[in-house]
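Beneath this line is the structure, given in structure tokens, with notes to follow.
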Amino acid sequence: MIKTMKSLLTKSLLAAAIALPAAVAHADASNGIVTVKSKYSVSETVKRIRRDVAKKGITFFGVIDQAKLGNAAGNDVRPSRLVMFGNPALGTTFITANPTAGLDWPVRVLVYQDADGSVYAAYTDFDWIAKRHGIENRAKEFNMATEVIQSVTSTVR
């Protein structure tokens, strides 16, 4: 089982390294949010993220259609979907370092349409998550998670 997890992580890391130059985005220092502009609609952006997550062998947990829920509740919500996925072998290492890291795992990518019609994919920067939870002994794992999320979001640029 550990050999299989290492193999999946190695494949994900290799794919991330190949796509990394095209995927680099920077977090807003004040809130740790990394925003990537998508070339596609909200639906297509979610499909591309899901497809890449599956291709990498990462566990897909689900999508919450926030606009559908909000509009059904009587609010006027532009297209917005929360995509959740993660690698339990990697993600739970953060939780073992500090249980409150479970607030930031699994990985969540918010795909939303702005007022001008532009579509974005936003996620929380892993360095920011490490600082938020005071985790200093998982740098290798946080770097790997960063490379993977950058690779996943590169599919919508």
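In what follows, residues are counted from 1 in the order of the sequence shown. In what follows, every heavy atom counts, from backbone to side chain, and hydrogens, waters and symmetry copies are set aside.
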Problem - Val119 side chain near Asp114 side chain, heavy-atom distance below 4.5 Å - result: no
Handout entry: Met84 and Val107, any side-chain heavy atoms less than 4.5 Å apart
Key = no
Handout entry: From CG (Leu110) to OH (Tyr120), nearest 0.5 Å
Key = 12.5 Å
Exercise for the section: Decide yes or no for Val42 and Ser80: does some side-chain heavy atom of the first lie under 4.5 Å from some side-chain heavy atom of the second? Expected result: no
Handout entry: Val83 side chain reached by Arg108 side chain, heavy atoms, under 4.5 Å
Key = no
Problem - Value rounded to 0.5 Å, distance of CE in Met144 from CD1 in Ile149 - result: 14.5 Å
Problem - Closest non-hydrogen atom pair, His133 against Asn98 - result: O-ND2, 2.6 Å
Handout entry: Exceeds 12 heavy-atom contacts within 6.0 angstrom, atom CZ of Arg50
Key = no
Practice task
Decide whether Leu69 and Val63 are clustered together by the hydrophobic rule: side chain heavy atoms of Ile, Leu, Val, Met, Phe, Trp, Tyr closer than 4.5 Å, transitively.
Solution key: no
Fill in the blank from the handout: Note: Asn31 and Ile33 closest approach over all heavy atoms is OD1-N, 3.0 Å
Problem - Any donor-acceptor N/O pair, Lys39 side chain to Arg157 backbone, under 3.5 Å - result: yes
Exercise for the section: Indicate whether any N or O donor in one side chain lies under 3.5 Å from an N or O acceptor in the other, for Arg48 and Ser38. Expected result: no
Problem - Closest non-hydrogen atom pair, Ala121 against Val109 - result: CB-CG1, 3.9 Å
Practice task
Might you point out which heavy atoms bring Ala97 and Ile135 nearest each other, and give the distance in Å?
Solution key: CB-CG2, 3.6 Å
Handout entry: Nearest-0.5 Å distance, OH of residue Tyr112 to CZ of residue Arg81
Key = 15.5 Å
Practice task
Compare all side-chain heavy atoms of Tyr123 with those of Gln150 and state whether any distance is below 4.5 angstrom.
Solution key: yes
Handout entry: Joint cluster assignment, Leu103 & Ile64, ILVMFWY side-chain distance < 4.5 Å
Key = no
Completion exercise
Heavy-atom closest pair (Ile49 atom, Thr155 atom, distance to 0.1 Å) is N-OG1, 4.3 Å
Practice task
State whether Lys131 and Asp127 are salt-bridged, where the test is any N-O pair (Lys NZ or Arg NE/NH1/NH2 against Asp/Glu carboxylate O) under 4.0 Å.
Solution key: no
Exercise for the section: For residues Phe61 and Phe85, establish whether the separation of their ring centroids is below 6.0 Å. Expected result: no
Practice task
Check whether more than 12 heavy atoms from other residues, nucleotides or ligands sit under 6.0 Å from atom CG of Asp76, and answer yes or no.
Solution key: no
Practice task
Identify the two heavy atoms, one from Gln66 and one from Leu82, that lie closest to each other, and give their separation to 0.1 Å.
Solution key: NE2-CB, 4.0 Å
Handout entry: Rounded distance (nearest 0.5 Å) linking atom CH2 of Trp105 with atom CD1 of Ile95
Key = 6.0 Å
Handout entry: Nearest-0.5 Å distance that lies between atom NZ in Lys56 and atom CG in Asn87
Key = 12.5 Å
Handout entry: Distance (rounded to the nearest 0.5 Å) between Arg78 CZ and Asn71 CG
Key = 11.0 Å
Exercise for the section: Please step through side-chain contact (heavy atoms from CB on, under 4.5 Å) for the pair Arg138 and Thr96, ending with a clear verdict. Expected result: CA-CA 10 Å; Arg138 300 286 194 276; Thr96 62; 2.9 Å; yes
